[in-house]
Every structure is written in structure tokens, then in C-alpha cells.
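Since this is a predicted model, take the numbers as computed values, not measurements.
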Amino acid sequence: MIDFKNISKSYSGEYILKDVNCRINTGERVGVVGPNGAGKSTLFGMVTGEVVPDSGSIVIPRDSRLGIMRQHIAEADLDRSLLEFTADAIPELKSYSAELEELENRMALCEDDDLLESMLKRHGFLQSSIEHLGAYHLDVEAKQALTSLGFPVAKLDARLGEFSGGWQMRAALARVLISRPDILLLDEPSNYLDIPAVEWLCRFLANFQGTLLLISHDRFLLRKLASITLEVNRGTVTRYAGNYDFYNREREQRRIALEAAKRNADHKKEQLERMIDRFRAKSTKAAAAKSAQKKLDRIEDVKLADSLDYHGVIRFPEPPPAGAEAARLENLSFGYQPENLLFKDVNLDIAAGEKLAIIGYNGMGKTTLLKLIAGVLKPVSGRVVPGHHIVIGYQAQEFAELVNDELSVYDAVRAALPPDASTANVANVAGAFGFSGDAMKKPCGVLSGGEKIRLQMARIFVNPPNFLILDEPTTHLDLAARELLQEALRRYSGTVAMVSHDIEFVRNVAQTVWEVSPGKVTKYFGNYDYYLEKSAASGDAPVSQSISPLSDSLTAKDRRRARAQARNAIAGELNKAKKEVEKLEALLDEQSSRKAVLVAKLSSGEKVDFAGLNTELAALDKAIAETEARWEERAGELEALRLENDRINAQ
């Protein structure tokens, strides 16, 4: 249980949290929502002790283990291998292991029975604590978490400092996920993840047994994981007993009820005030006026729910007319090194008016594909053919670094015009994206993340496009802004091709999906849910790469034959993998039983060969870890084979 009691916190004299009273019960799964800058991270900082409230207190169960994803990695950790950094997830294990080793050395030399008995008890406690914390499984769990978050197996022993900041944050996320905390605090964990990794994170957290606090603008995670929602806004924290959808409905119902109550209260006040004004001047009505005044004094003001502090607007101008096709990829091949192509001989088209999402693991080439379509990159071979009268508006991930911080919003929008173009429409376009009046004079350097997204949209639409190409457009947007952009794109009659890690955003905008996988791009003629249904995606599983999807152009008879051939090809591997998994499980049972016998002997109090037993136990622990690693690998392959088999049968 976490209790916030009359918590207040201010910065520069302005309260970010004021007299907050809130309780989070043990085992609850809490989504924390609210506008950027409202105080969500401050609330987390108070739980971890990194932020001290100005007044009030926080009660957290004693000895609770906290897990929090750090946004900065220590310099010393950058020289460690990726796997070593991730597996070192539980600080207590080092001290327990060091004490256990020292204790075993002392026990081997001890001849005092009473002292030996005391040391045996401590030895048993340390052994059970180390086992309870999962020390013997951490390497396996670290490998599984890292590969599930997109790290290739070949890179697990690479130095952490060799990875970019975003990939380092993935490693930090994997580390905290396997640390077995009682209270897990995650602040925007999906920021650095692609869609497959977000899906895996959701499945992992669904099985987490402790208390979960999740700050996120990702509606998919909030819907799937949170059973309680805390709204942080304008200094207050409001608890809603449900997930994000419940919160939205309940908040709207509260707003409607409060507005009705306020109208009734205001109407009663007006009636009483008129009565008092009429009766006040008449001595015969003095008693009635006094009675009316008492009734008026008893009516409490009804305070309406605060808005979510998002006042921006997003209105796309009507796109110019174009032909029936937005773009066509003909035998397109590309790689940053000629001998290592990201994809080869891609033949796909994008219809005018189509809303397309490009998805896949990071590093597969999603952003590269957008740049090829936009004409920013040139293919190694093949070509991208733009449609008739197509005007492209391209928003790159790094757009914020491309705008001069000293420019005003107006000047930044004007700078996007072609030379000698009229500036008459600049103010109207800026206003359409929420920059009107004094807002147009703001320097670009002081804009928030959401304002920078709107600025980029204004820069694009000052030359109205009919083909929008968007690379991670939701990264800096809060929930309200994401929903505004989502609705603007749904209403937009032009063509859209986008990359986004926000699953709900993709689900609500995209009508077709391109999946980028090693060496190829596959088109799915339906939305994200259709893609999930048809792809039965299995990550990096080799079977999904070796058995290609059945072509939509095949006849029914051809499809049945191809399906039978695919089933026959997979059946042998499926049976072989199943037998190997069962064999490894039997070996693990045997090794675990032997370990239990050894631990019982060490803890029995009888006179035994401690040095010999501990040597055997250490060798057994190593063998168990190796067996678990082999089991984890083969079990993953078995699951991938089953998924592929299901996919084939579903076609």
C-alpha cells in the first residue's frame, strides 16, 4: 500500500501538486495520466525518495523493493557488456553471494558446534534468499527480455556504450523488468520501443504480480494493463476505479453531472437573489428576505472538473487533387552497404487516399523506407514512381533539430515557403495548428514537444500536400494531443504513410499495413487488427523467415496444396522441438531434485563435507543455468513453430 497524505510540492512558487490525498493498494495496476508537465514524474519521484514534498507524507510498506527505469545510465556501466549490465538487476545478490562465500569458508574451518549451528542457519537464509530472488535464472531472463525488446543475439556480449541512447534505454527497461520488485514504476516505457516490442512488454507486464504504476501516453498499454487510473492535473490527483476507457467515460459523466448541478445551483441562486432584492426594501418582507439570504448562504458553489490543459488545434487544409495512385515501388532495393541490403526487389503501390502504417522491429528499415518514398534517399536499384500531381509533405523524426531555436513560430512557418512565394497565408496556416495572436511570436526554442509537432505540421501545410509521410508523429504528444492528431488524420482526404510505435494510433488511423522484415516488405490489405490476425507474427523466429506467406493470387486449389506442403515442412521440426523441450524439462527436474537434496544436507545440522557439497552445488547450479538456457531457446523455437503452424492452418 502507498499512501499520499496531504502532499504538496511547488516549483518557483507555483504548486504542481496541492494537498494530494491518494491511496494505491498492494497489487493494484495503476495507469497515471495527465498533460505533460502536470506532475506525474514528480509523483513517481516522491515514491522513490528522489523528490521531497514541501508538506505532507508518503507511507510505503517497509522493506518493499522498488523497481524504476532510470533515464540515465552510469558511466561505469557503459563499459560493461549488454548482457552483464542487464543481468545485474538485483543489487542485494552481490552482497548475499559475497557473504555466502565468506560464510562457507568459515564453516569449513569451524569446530565450535554452537557457532556452526548459527552459521548454518545464516547459510540457509542466504541460500533461500538468493534462490527466491532468482539468481540462477537471471542470465536466461536477461537474454529473453533483451531479445524480445529487439536486441539481436549476436549483440548480447557487445559493450553497452556501443549502443545508441534509445537502445541503452531498452536495456535499462529489460533490467528493471527482471529485477522482481514489489513495486514497479515505469515512466513512458514505450517511448523507445517499436510495435512488436510494445506488444511483448504488454504480455510481460500482464504477468507481473506486484504493484504496478505506469505513466504513459500509450492508450494500448493503459487499456490492457491498468485496472485503476490516476489523473494528475492542475495540482490535483483524482482516482478512477477502472482502465483508460472507464476513466474517459467516467470523467465525461462527471463533467455532465457537475455542469447540470452547477446550472441548477446558479438558477436557485438567481431566484433567491431576485427575491432578496425585491423584499429587502419592504419592512413587511424583511423576515422573508432574511430567510432567503440564509438559503442563499447554504448553497455551495459547484466546481467544474478542470480541463486537461490542452488548447491546441489541428485542422488540415483540404489537399490539392491528384491521380489514382500516390506512389509505386518498382523492383526497389536498398542498403547502406551494397553487400547488406535491407530489402530487395520490392514491388508495391500506394493508392491515393490510402492510410498506410509501416511496422516492424527497429533496425529493419521502416524510417529508411519512408525516406525512399519521400525522395530523401535514392535506391540502390529499382525506383519509386510518384503519382500524378502528387505533393509530398514529409515529417522526419529529427525535425526538431532542423528548426532554428531563435526563429519565431511565424518566421519558422514562413521559412518553409518556396522562394518568391506569397506569405499571405502564413498566419492562417499557423492559426490552423493552434498558433494565433501572440503564440506566433514565441521563439521555437521554448516550444513544448507537442507544440513542435504542430509547428512541423504547419510548416508542411503552408504548401498543402496531398501525400503526408510521417515518422513517429506522436512521440512528444500527450493523450489529448494524440487523439486530436488521430482524428485530423482520419478526416484528411489525402494519402498518409506513417511509422509509429503507438498501437492505438496505428489501429485507429491505418487502413493498410506494410510489415518490414529481413530482406522484404509484405503488404496486408487491412488494418492493424487484420494484420495481427493474418500474420501470426513470431518475432525473430527462423521459421517465420523461411516459410513465406501464401500469396493472395493463388487459386483455392493452389492454396490448399501450398498449405499442405507448408504443414509437411513444419511437422518434422515441430515434433523434434517438442521432444527436445520435454527432454530438457525432465533433465531440469532431475537437477532440481538433486539440488534440493544437497541444500537439505547443508542445512541439516549434521556433520558433513561442507567443502565437497558446496563444490558439487556450485557445479550443479552452473549445469542448471545451462539447461535452462537451452530450454529457453528450444521452448521459444517451439512456440514460434506452433504460431507458424496456426498461421498456415488459418489461411
Side-chain angles (χ1 to χ4, degrees), residues 35-38 166 188 191 217 307-320 367 370-371 374-376 391-419 421-492 494-502 505 509:
N36 291 333
E188 295 293 356
N191 267 2
H217 294 314
S307 73
L308 290 179
D309 281 338
Y310 184 79
H311 304 297
V313 294
I314 298 177
R315 295 193 302 270
F316 291 162
E318 190 64 25
T367 291
L370 284 185
K371 288 181 176 180
V376 176
V391 181
I392 288 176
Y394 174 53
Q395 174 247 305
Q397 279 194 54
E398 63 275 9
F399 77 87
E401 287 81 41
L402 303 178
V403 177
N404 187 339
D405 286 349
E406 304 300 320
L407 286 178
S408 68
V409 167
Y410 178 87
D411 289 336
V413 176
R414 185 180 63 180
L417 284 169
S422 170
T423 61
N425 200 37
V426 170
N428 289 336
V429 173
F433 290 91
F435 299 106
S436 56
D438 290 340
M440 280 192 288
K441 302 174 184 176
K442 292 171 72 172
C444 294
V446 304
L447 298 180
S448 67
E451 287 174 323
K452 286 179 178 178
I453 290 285
R454 288 189 280 118
L455 171 62
Q456 176 65 359
M457 290 294 178
R459 284 170 54 84
I460 289 172
F461 277 93
V462 77
N463 307 297
N466 47 31
F467 187 5
L468 270 180
I469 300 177
L470 308 176
D471 197 354
E472 297 291 1
T474 64
T475 298
H476 299 290
L477 300 183
D478 59 25
L479 284 165
R482 288 183 188 209
E483 290 176 351
L484 277 176
L485 178 59
Q486 173 183 297
E487 288 310 305
L489 288 172
R490 284 166 62 93
R491 292 192 300 268
Y492 179 59
T495 308
V496 178
M498 65 179 182
V499 169
S500 175
H501 66 263
D502 186 322
F505 188 80
V509 174

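By the side chain to side chain contact (heavy atoms under 4.5 Å, CB included) test, Pro319 is found to be paired with Asn466, Tyr492, Ser493, residues two or more places apart in sequence or in another chain being considered.
Atom CG of Asp502 sits about 10.5 Å away from atom CG of Asn191, to the nearest 0.5 Å. With rounding to the nearest 0.5 angstrom, the CD1 atom of Ile469 is 6.5 Å from the CG atom of Leu370. Taking CZ of Arg482 as the reference point, atom CG of Leu485 lies at 10.0 Å (rounded to 0.5 Å). Separation of atoms CZ (Phe433) and CZ (Arg459) is listed at 13.0 Å; rounding is to 0.5 Å. If you take CD on Gln486 and OG1 on Thr474, they are separated by 10.0 Å, rounding to the nearest 0.5 Å. Once rounded to the nearest 0.5 Å, the distance linking SG of Cys444 with CG of Asp411 reads 8.5 Å.
Side-chain contact between Tyr410 and Thr423 is present, with at least one heavy-atom pair separated by less than 4.5 Å. A heavy-atom distance below 4.5 Å is not found between the side chains of Arg414 and Leu407. Residues Leu455 and Val409 have side chains in contact (heavy-atom distance under 4.5 Å, counting atoms from C-beta outward). In this structure, Asn463 and Val391 have side chains that are not in contact, with every pair of non-hydrogen atoms separated by 4.5 Å or more. For the pair Leu468 and Phe461, the minimum side-chain heavy-atom distance is below 4.5 Å.
For the pair Arg491 and Phe316, the cation does not sit on the ring face, since its NZ or CZ is not both under 6.0 Å from the ring centre and inside 45° of the axis.
The nearest pair of heavy atoms linking Pro320 to Pro465 is CD-O, 3.6 Å. Residues Met440 and Phe435 come closest through the heavy atom pair CG-O, 3.2 Å.
The backbone N or O of Met457 sits nowhere less than 3.5 Å from a side-chain atom of Gln395 that would complete a donor-acceptor pair.
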